[in-house]
Asks: 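Structure incoming, see below.
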Amino acid sequence: MAVILFVGAETAADVPLFPPPFDKAVHFGYYGIMAGLLAYGVGLPWLIVPLIVVPVIGAADEWNQSFIAGRDASPWDWLADEAGTVFAVFLYWKWRKKKNRKTVTGDE
């Protein structure tokens, strides 16, 4: 998912995909999915990893966009990336805690 951001950055400048404010929802969702998948991959003990890595990718994407004609870097886009990341990791954490509780108590 991270590679697609950088490889497709110039192509995305040709056609505006989502007008504001809907682009923030796309940022939230895309980075949330990325963080959720990474959280699932690293597991509960390592949830700090997606909370650091995904926002860094978002910041790098915004920085990259600042060099592409027709695109702009926006701190608001990065904030939407960050919000999606935190939300997804929180949902994953809640899901795993609930799943672990059922396993321990035998409710499954």
Side-chain angles (χ1 to χ4, degrees):
M1 288 181 77
V3 170
I4 291 170
L5 293 170
F6 297 98
V7 171
E10 289 186 33
T11 308
D14 297 338
V15 179
L17 301 174
F18 299 96
F22 303 107
D23 65 323
K24 303 305 179 264
V26 174
H27 278 266
F28 183 92
Y30 191 87
Y31 282 87
I33 291 169
M34 189 186 319
L37 291 171
L38 186 55
Y40 183 78
V42 299
L44 279 178
W46 294 93
L47 285 185
I48 193 72
V49 172
L51 290 173
I52 293 171
V53 171
V54 175
V56 167
I57 292 169
D61 179 38
E62 292 303 317
W63 179 74
N64 182 50
Q65 287 179 29
S66 70
F67 298 106
I68 297 172
R71 306 281 314 259
D72 63 335
S74 166
W76 299 112
D77 286 350
W78 183 78
L79 190 60
D81 303 343
E82 182 76 25
T85 297
V86 171
F87 184 71
V89 170
F90 174 75
L91 287 180
Y92 173 77
W93 176 77
K94 291 289 283 182
W95 173 71
R96 286 303 307 231
K97 287 292 189 184
K98 184 177 180 182
K99 186 176 177 182
N100 286 349
R101 193 173 324 119
K102 285 183 180 179
T103 303
V104 170
T105 60
D107 292 341
E108 211 168 11

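Residues take their numbers from the sequence shown, with the count starting at 1.
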Asks: Check whether any side-chain heavy atom of Tyr31 lies under 4.5 Å from a side-chain heavy atom of Leu5, and answer yes or no.
Replies: yes
Asks: If you round to the nearest 0.5 Å, how far is CD of Glu82 from CZ of Phe28?
Replies: 11.0 Å
Asks: Heavy-atom count check: over 12 atoms from other residues, nucleotides or ligands less than 6.0 Å from Tyr30 OH?
Replies: yes
Asks: Would you check if Leu44 and Asn100 make a side-chain contact, meaning some heavy-atom pair closer than 4.5 Å?
Replies: yes
Asks: Return the orientation label for the Trp95 and Tyr40 ring planes: parallel under 30°, perpendicular over 60°, tilted otherwise.
Replies: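 Trp95 and Tyr40: tilted rings.
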Asks: Would Trp93 end up clustered with Val42 when hydrophobic side chains under 4.5 Å apart are linked, directly or stepwise?
Replies: no
Asks: Verify the cluster assignment for Tyr92 and Ile33: are they in a single hydrophobic cluster under the rule of side-chain heavy atoms below 4.5 Å apart?
Replies: no
Asks: If we only count heavy atoms from C-beta on, is the Asp61 to Gln65 side-chain gap below 4.5 Å?
Replies: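 A side-chain contact exists here, since the closest heavy-atom pair is under 4.5 Å.
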Asks: Are Leu37 and Val49 connected into the same hydrophobic cluster when the rule is that any two of I, L, V, M, F, W, Y join if their side-chain heavy atoms are below 4.5 Å apart?
Replies: yes
Asks: Under a 4.5 Å side-chain heavy-atom rule over Ile, Leu, Val, Met, Phe, Trp and Tyr, are Val86 and Met1 clustered together?
Replies: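 Not linked; separate clusters.
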Asks: Ile4, Val54: one ILVMFWY side-chain cluster at the under-4.5 Å cut-off?
Replies: yes
Asks: Are any of the side-chain heavy atoms of Asp81 and Trp78 separated by less than 4.5 Å?
Replies: yes
Asks: Closest approach of Pro50 and Leu38, non-hydrogen atoms and distance?
Replies: CA-CD2, 3.6 Å
Asks: Looking only at heavy atoms, what is the nearest atom pair of Ala88 and Gly36, with distance?
Replies: CB-N, 3.9 Å
Asks: Taking only residues two or more places apart in sequence, or in another chain, which ones meet Trp76 in a ring-ring contact (aromatic ring centres under 6.0 Å, His included)?
Replies: none
Asks: Ala80: which residues meet the side-chain contact (heavy atoms from CB on, under 4.5 Å) condition with it, sequence neighbours left out?
Replies: Lys24, His27
Asks: What are the two closest heavy atoms between Phe6 and Ile57, and how far apart are they?
Replies: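 Reported closest heavy-atom pair: CZ-O, 4.0 Å.
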